[in-house]
Amino acid sequence: MTKRLISANPSEILKMSGKELKQSIKASEGRVIVSENIATHQVMSFDQITTSEIAAAFGADMILLNMLDVFNPAIFGLYDGEDAVIHHDGQSIKRLQRLTGRPIGVNLEPVDPNANMAEDRTEIPEGRTASKKSLQEAEKLGFNFVVLTGNPGTGVTNEQIAANIKVAKENFSGLVIAGKMHGAGVNEPVVSSDSVTQFLNAGADVILVPAVGTVPGLNDTTLQEIVDLVHGQNALVMSTIGTSQEGSGASYIENIAIRNKIIGVDIQHIGDSAWGVQSPMENIYPLSKAIRGERHTISRMARSINR
């Protein structure tokens, strides 16, 4: 039997397969937090420390790296005396896992060259796009999960996400999370029952949805229908704050946390746009406290990575 993630030690967490991690999240009953951060940049004036270590210290259960090129991985502060230096030894993610004691994931973007764009397209390197090659590289690097989603203006479509879920399931053994936090520059609904059904049929383990209160027009009733649909297919749901509101302050974060927990999401994500690198520490903490109380919040913050 898998131990629930919110109570597990780092040594137990980092041994989990994708299937075990999914069950561990499910057993945590809506109390798991994912912190997204940009690994290539320095946080404030902190010297030689990764964004991931900071997020873990303030209560994140899982760490999601954004804008990381899997073919040229560079993580600020990963090694003493270095800033963001590319290492091709295959050890970067394994070292980050040891430093944080957390499952580490990466965003890979299913860019659609034929997308009907609502804004100018932002071009990204091959190592940030979703493909058979990049997913195989994510597997080699040892990521625990991948998130198939889109950053602003990159031209990621729901159709392309569905296609890449199938590729991911064939080439990556960890947890596969898929969906859009916002429009990603494309003229289409951010989330719908049709797109979610496509993702489920393609084999996604976790469906990513915008948190209620982030994307205009996505209300509690609509999200509730999607959560019920996903849970009916034995998949999980991750709500996301990816609209720069991760910097809106503790009262907003707490409100969103409770509303989305009532709806029934399994994971709550907080994005990287507040500082342009990661969410402020003082916002991860109230999110954690709101959805699981002080006892589990302090337990996650204080639990040694050596356990």
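Atom set for the values below is all heavy atoms of this structure, side chains included, hydrogens, waters and symmetry mates excluded.
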Inset, instruction - Could you give me the CA-CA distance, side-chain angles and deciding distance for Arg4 and Glu29, then say whether salt bridge (charged side-chain N to carboxylate O under 4.0 Å, His left out) is met? - result: CA-CA 9 Å; Arg4 63 185 187 180; Glu29 297 182 299; 5.1 Å; no
Legend entry - Full working for salt bridge (charged side-chain N to carboxylate O under 4.0 Å, His left out) between Arg102 and Asp61: CA-CA 6 Å; Arg102 306 292 194 271; Asp61 300 289; 5.8 Å; no
Inset, instruction - Check the pair Lys26, Asp266 against salt bridge (charged side-chain N to carboxylate O under 4.0 Å, His left out), reporting the backbone distance first and the verdict last. - result: CA-CA 7 Å; Lys26 184 176 181 179; Asp266 304 280; over 6 Å; no
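The main-chain N or O of Gln245 is found under 3.5 Å from a side-chain atom of Ser248 such that the two form a donor-acceptor pair. With hydrogens and angles disregarded, a donor-acceptor distance shorter than 3.5 Å links the side chain of Arg95 to the backbone of Leu78. Asn9 places no side-chain N or O within donor-acceptor distance of the main-chain N or O of Arg307, the cut-off being under 3.5 Å. For Ser28 (side chain) and Ser24 (main-chain N/O), a donor-acceptor pair under 3.5 Å exists by modelled atom type.
Contact annotation: the side chain of Val176 approaches that of Val146 to within less than 4.5 Å [non-hydrogen atoms, C-beta and beyond]. Leu236 has its side chain out of reach of Asp205: every pair of non-hydrogen atoms, C-beta onward, lies at least 4.5 Å apart. Counting heavy atoms from C-beta outward, Val196 and Val230 have side chains that approach closer than 4.5 Å. Side-chain contact between Thr149 and Glu109 is absent, with no heavy-atom pair separated by less than 4.5 Å. Using a 4.5 Å heavy-atom threshold, the side chains of Ile6 and Arg292 count as touching. For the pair Ile75/Ile93, a side-chain contact is recorded, criterion being any heavy-atom separation below 4.5 Å from C-beta on. With a 4.5 Å cut-off on side-chain heavy atoms, Leu108 and Val147 do not count as touching. Side-chain atoms of Gln136 and Phe172, non-hydrogen and from C-beta on, never get closer than 4.5 Å to each other.
Counting non-hydrogen atoms of other residues, nucleotides and ligands closer than 6.0 Å to CD of Glu159 gives a total of 12 or fewer. Heavy atoms from other residues, nucleotides or ligands lying under 6.0 Å from NZ of Lys94 number more than 12.
A side chain to side chain contact (heavy atoms under 4.5 Å, CB included) with Ile267 holds for exactly one of Val32, Leu208, Leu5; it is Val32.
Between Phe71 and His88, the distance from one ring center to the other does not fall under 6.0 angstrom.
Under the rule for a side chain to side chain donor-acceptor pair (under 3.5 Å), Asn255 has no partner lying at least two apart in sequence or in another chain.
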